[in-house]
Amino acid sequence: AYERTCRYFCRTTNSVVVCVGYRLAPEHPFPAQFEDCLTAAIHFLRTAQDHGVNPSRVVICGDSSGGTLTAAVAQALVNRRDLPKLRAQILIYPFLQCVDLNLPSYQQNERVPILLKERTLVLGLKYLNEAYVTKDIIKALFRGCHVSEDQRLKYQKWVSPDYIPHEFKTRGYKPSPKYLPSKEICEVANSMFDPVFSPLLAEDCVIAHLPETFILTCEFDVLRDDGLLYKKRLQDHGIKVTWCHLQEGFHGTV
């Protein structure tokens, strides 16, 4: 599915392109995919010159869940002193957080193909190897019952509709009521707050040392606001961000 895209990137940018064939869920559950991508990135950074590549000019890139993996790998490499620094990261409509599944983009695009709102959550839970996913669990997650009071206090400074610019709220957004957390649902969702799964939740000391970043968002995509929130966090820490928003774009448009 991606070979033609990778060949296009290679040809038009005059770059060496490495495509990582990481193991897939649910046969290989989280975090096997991240571990494969991190291993590949480390190996290539160490051997870049063998492929005619300047190790100081390596960029990592991914779209959708690949964007999640790209962000997580970039964060994992921040404190590595034994490797060249990444030149940049490219995040194409990435999934980045699970704290608020009622951000404006989730409300506005919940029935927009190909990434329907409920499908996003079901796929995420399968990735985490949560075998028993019921309608009640999904409903509770959409209500925010998986977020404890402590987590709510911690993450509200990074994940909030208040940080989404007004122009993105004009197309059918209503603030969501607050529901009390459920101990049972919090236990089911515990892994969802791992920054490897939700890179937007990484600590400030990690975010502040990330490389220059390109973020692409699409208007008709439930994940649009994840990209907007990550853009804000990076810029708040002085990271240079190039942002491209496709006004007529949808998830999977690349």
Side-chain angles (χ1 to χ4, degrees), residues 1-97 114-115 120 123-124 126-129 191-192 194-202 206 209-218 221 223 226-227 230 234 242 244 251-254:
Y2 280 86
E3 182 175 344
R4 181 179 293 182
T5 302
C6 290
R7 287 182 180 275
Y8 173 81
F9 287 155
C10 183
R11 186 171 63 249
T12 57
T13 64
N14 192 30
S15 302
V16 171
V17 174
V18 178
C19 187
V20 182
Y22 56 84
R23 290 170 290 171
L24 301 177
E27 292 81 8
H28 302 280
F30 172 87
Q33 299 71 23
F34 164 73
E35 291 168 349
D36 289 353
C37 291
L38 180 61
T39 299
I42 290 171
H43 175 74
F44 189 77
L45 285 167
R46 285 177 173 159
T47 62
Q49 290 178 320
D50 297 344
H51 303 279
V53 173
N54 180 341
S56 69
R57 292 180 59 80
V58 175
V59 178
I60 59 174
C61 172
D63 77 311
S64 193
S65 59
T68 313
L69 292 167
T70 298
V73 167
Q75 291 178 4
L77 294 174
V78 156
N79 294 316
R80 294 291 295 256
R81 300 288 177 260
D82 58 326
L83 297 168
K85 293 289 185 184
L86 290 173
R87 173 64 184 86
Q89 61 174 340
I90 297 174
L91 311 178
I92 301 172
Y93 36 74
F95 171 91
L96 296 169
Q97 64 83 34
I114 57 174
L115 196 61
T120 306
L123 290 174
K126 284 185 176 180
Y127 176 42
L128 290 172
N129 206 29
S191 298
M192 298 173 75
D194 185 333
V196 170
F197 184 84
S198 297
L200 184 56
L201 306 184
V206 173
H209 293 95
L210 287 169
E212 184 176 347
T213 301
F214 175 95
I215 297 176
L216 184 140
T217 55
C218 294
D221 180 9
L223 302 183
D226 283 24
Y230 206 50
L234 292 168
T242 300
C244 175
H251 195 88
T253 195
V254 166

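Computation of the quantities below employed the complete heavy-atom set of this structure, encompassing side-chain atoms and omitting hydrogens, waters and symmetry-equivalent molecules.
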Contacts of type side chain to side chain contact (heavy atoms under 4.5 Å, CB included), residue Ser64, not counting sequence neighbours: Tyr93, His251

Salt bridge (charged side-chain N to carboxylate O under 4.0 Å, His left out) contacts in which one or both residues fall within residues 5-21, not counting sequence neighbours: Glu3-Arg7

Under 3.5 Å donor-acceptor, Asp226 side chain and Gln97 backbone: yes

Interatomic distance, Thr253 atom OG1 to Leu216 atom CG [nearest 0.5 angstrom]: 8.5 Å

Nearest-0.5 Å distance, OH of residue Tyr127 to CE of residue Met192: 12.0 Å

Pro199 versus Ala72, closest heavy-atom pair with distance: CG-N, 4.1 Å

List the atom pairs, with distances to 0.1 Å, where a side-chain N or O of residues 16-29 and a protein N or O form a donor-acceptor pair under 3.5 Å, not counting sequence neighbours.
unit_1	atom_1	unit_2	atom_2	d
Arg23	NE	Asp36	OD1	3.3
Arg23	NE	Asp36	OD2	2.9
Arg23	NH2	Asp36	OD1	2.9

Side chain to side chain contact (heavy atoms under 4.5 Å, CB included) involving Thr5 - partner list, sequence neighbours excluded: Phe9, Val254

Atom pair CD1/CD of Ile90 and Glu212 - distance to nearest 0.5 Å: 10.0 Å

Ile60 versus Ala74, closest heavy-atom pair with distance: CD1-N, 3.8 Å

Residue pairs fulfilling salt bridge (charged side-chain N to carboxylate O under 4.0 Å, His left out) with at least one residue in residues 54-79, sequence neighbours excluded: none

Minimum heavy-atom distance Phe44-Val58, with the two atoms named: CE2-CG2, 4.1 Å

Closest approach of Pro55 to Pro84 (non-hydrogen atoms, all atoms of both residues): O-CB, 3.5 Å

Separation of Leu38 CG from Leu77 CG (nearest 0.5 Å): 5.5 Å

Of all pairs that satisfy side-chain hydrogen bond (donor to acceptor under 3.5 Å, both in side chains), the ones with a partner from residues 68-85, not counting sequence neighbours: Arg46-Asp82, Gln75-Tyr230, Arg80-Asp82

Between CG on residue Leu96 and CD1 on residue Ile215, distance to nearest 0.5 Å: 7.5 Å

Non-hydrogen atoms of Cys37 and Leu69 that approach each other most closely: SG-CD1, 4.0 Å

Close side-chain approach of Phe214 to Cys244, heavy-atom, < 4.5 Å: yes

Reported CD1-to-OG1 distance for the pair Ile42 and Thr47, which is rounded to 0.5 angstrom: 11.5 Å

Closest non-hydrogen atom pair, Gly227 against Thr217: CA-CG2, 3.9 Å

Distance-only polar pair, side chains of Gln89 and Thr213, donor-acceptor under 3.5 Å: yes

